[in-house]
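Below is one structure, written out as structure tokens; comments come after it.
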Amino acid sequence: QVQLIESGGGLVQTGGSLRLSCTASGRTFSNYHMSWFRQAPGKQREWVAVITSEGNTNLADSVRGRFTIFRDNDKNTLYLQMIMLKPEDTAVYYCAADPSRRGIWDYWGQGTQVTVSS
């Protein structure tokens, strides 16, 4: 069982920045693929970014150039650095873990709210 706890959400103005954190339980965090997803009101959950256990990253087109995903395996923590935030980035952000590295997100955090005011 893996527990994920997100933090760092909040209210920010357009153009502002936030850093989200996701701390994971377990002793093998470095072996997990990790992702960020988000869900805006009335919309489906969408994938935002991924970082593999090897440290390879990829981001959705809508956030590329503004968001950065990275991890600190010594702290069992995943991060999402967000800059140049837009109102359309407003959503609940979730981290997810794929310990088996099969592309299946077996574990999810509770989510953290990000609100970008115009």
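These numbers come from a predicted model, not from an experiment.
By the 6.0 Å contact criterion, CG on Leu11 is enclosed, its count of non-hydrogen atoms from other residues, nucleotides or ligands being greater than 12.
Clustering ILVMFWY residues whenever any of their side-chain heavy atoms sit less than 4.5 angstrom apart, transitively, puts Val48 in a cluster other than the one holding Val92.
The shortest side-chain heavy-atom distance between Arg101 and Asn31 falls under the 4.5 Å cut-off. Residues Gln1 and Tyr107 meet the side-chain proximity criterion, which asks for heavy atoms closer than 4.5 Å. Taking the side chain as every heavy atom from C-beta outward, Arg38 and Val114 never approach each other to under 4.5 Å. A heavy-atom distance below 4.5 Å is found between the side chains of Asp89 and Arg66.
No side-chain donor-acceptor contact under 3.5 Å links Asn58 to the backbone of Val50. Checked by atom type and distance alone, the side chain of Thr90 pairs as donor or acceptor with a backbone atom of Val116 at under 3.5 Å. Looking only at distances, no side-chain donor or acceptor of Trp108 sits under 3.5 Å from a matching main-chain atom of Gln110.
The two residues Ser118 and Pro87 have their closest heavy-atom pair at CB-CG, 3.9 Å. When every heavy atom of Ala97 is checked against every heavy atom of Leu4, the shortest pair comes out as N-CD1, 3.8 Å. Listed here is the closest heavy atom pair of Gly111 and Glu6: N-OE1, 2.8 Å. Across every non-hydrogen atom of Cys95 and Leu78, the tightest pair is CB-CD2, 4.0 Å. Here the closest non-hydrogen pair linking Phe37 and Ala96 is CE1-CB, 4.0 Å. When every heavy atom of Ser30 is checked against every heavy atom of Ser53, the shortest pair comes out as O-CB, 3.3 Å.
Remark: of the listed residues Phe67, Trp36, Phe70, Phe70 is the sole one forming a ring-ring contact (aromatic ring centres under 6.0 Å, His included) with Tyr79.
Counting side-chain heavy-atom gaps under 4.5 Å among Ile, Leu, Val, Met, Phe, Trp and Tyr, Ile104 is found in no cluster with other residues.
For the atom pair Thr115 OG1 and Leu85 CG, the distance stands at 10.5 Å (nearest 0.5 Å). To the nearest 0.5 angstrom, Thr112 atom OG1 is 10.5 Å from Tyr93 atom OH. In this structure, the separation between CG on Asn76 and CZ on Arg71 is 9.0 Å, given to the nearest 0.5 Å. Separation of atoms CG (Leu59) and CH2 (Trp47) is listed at 6.0 Å; rounding is to 0.5 Å.
Pairs of residues two or more places apart, or lying in two chains, that qualify as salt bridge (charged side-chain N to carboxylate O under 4.0 Å, His left out) and include a residue from residues 106-118 are Arg102-Asp106. Among residue pairs with one or both ends in residues 107-118, none qualify as salt bridge (charged side-chain N to carboxylate O under 4.0 Å, His left out); sequence neighbours excluded.
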### Audit row: Ser100, Asp98, side chain to side chain contact (heavy atoms under 4.5 Å, CB included) steps and yes/no
CA-CA 6 Å; Ser100 61; Asp98 172 20; 3.4 Å; yes
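With sequence neighbours left out, the side chain to side chain donor-acceptor pair (under 3.5 Å) criterion links Gln3 to no other residue. Under the side-chain contact (heavy atoms from CB on, under 4.5 Å) criterion, Gln39 pairs with Arg45, Tyr94, not counting sequence neighbours.
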Could you list the donor-acceptor pairs under 3.5 angstrom formed by side chains in residues 13-22, with sequence neighbours left out?
{"unit_1": "Thr14", "atom_1": "OG1", "unit_2": "Ser117", "atom_2": "O", "d": "2.7"}
{"unit_1": "Arg19", "atom_1": "NE", "unit_2": "Gln81", "atom_2": "OE1", "d": "2.7"}
{"unit_1": "Arg19", "atom_1": "NH2", "unit_2": "Gln81", "atom_2": "OE1", "d": "3.2"}

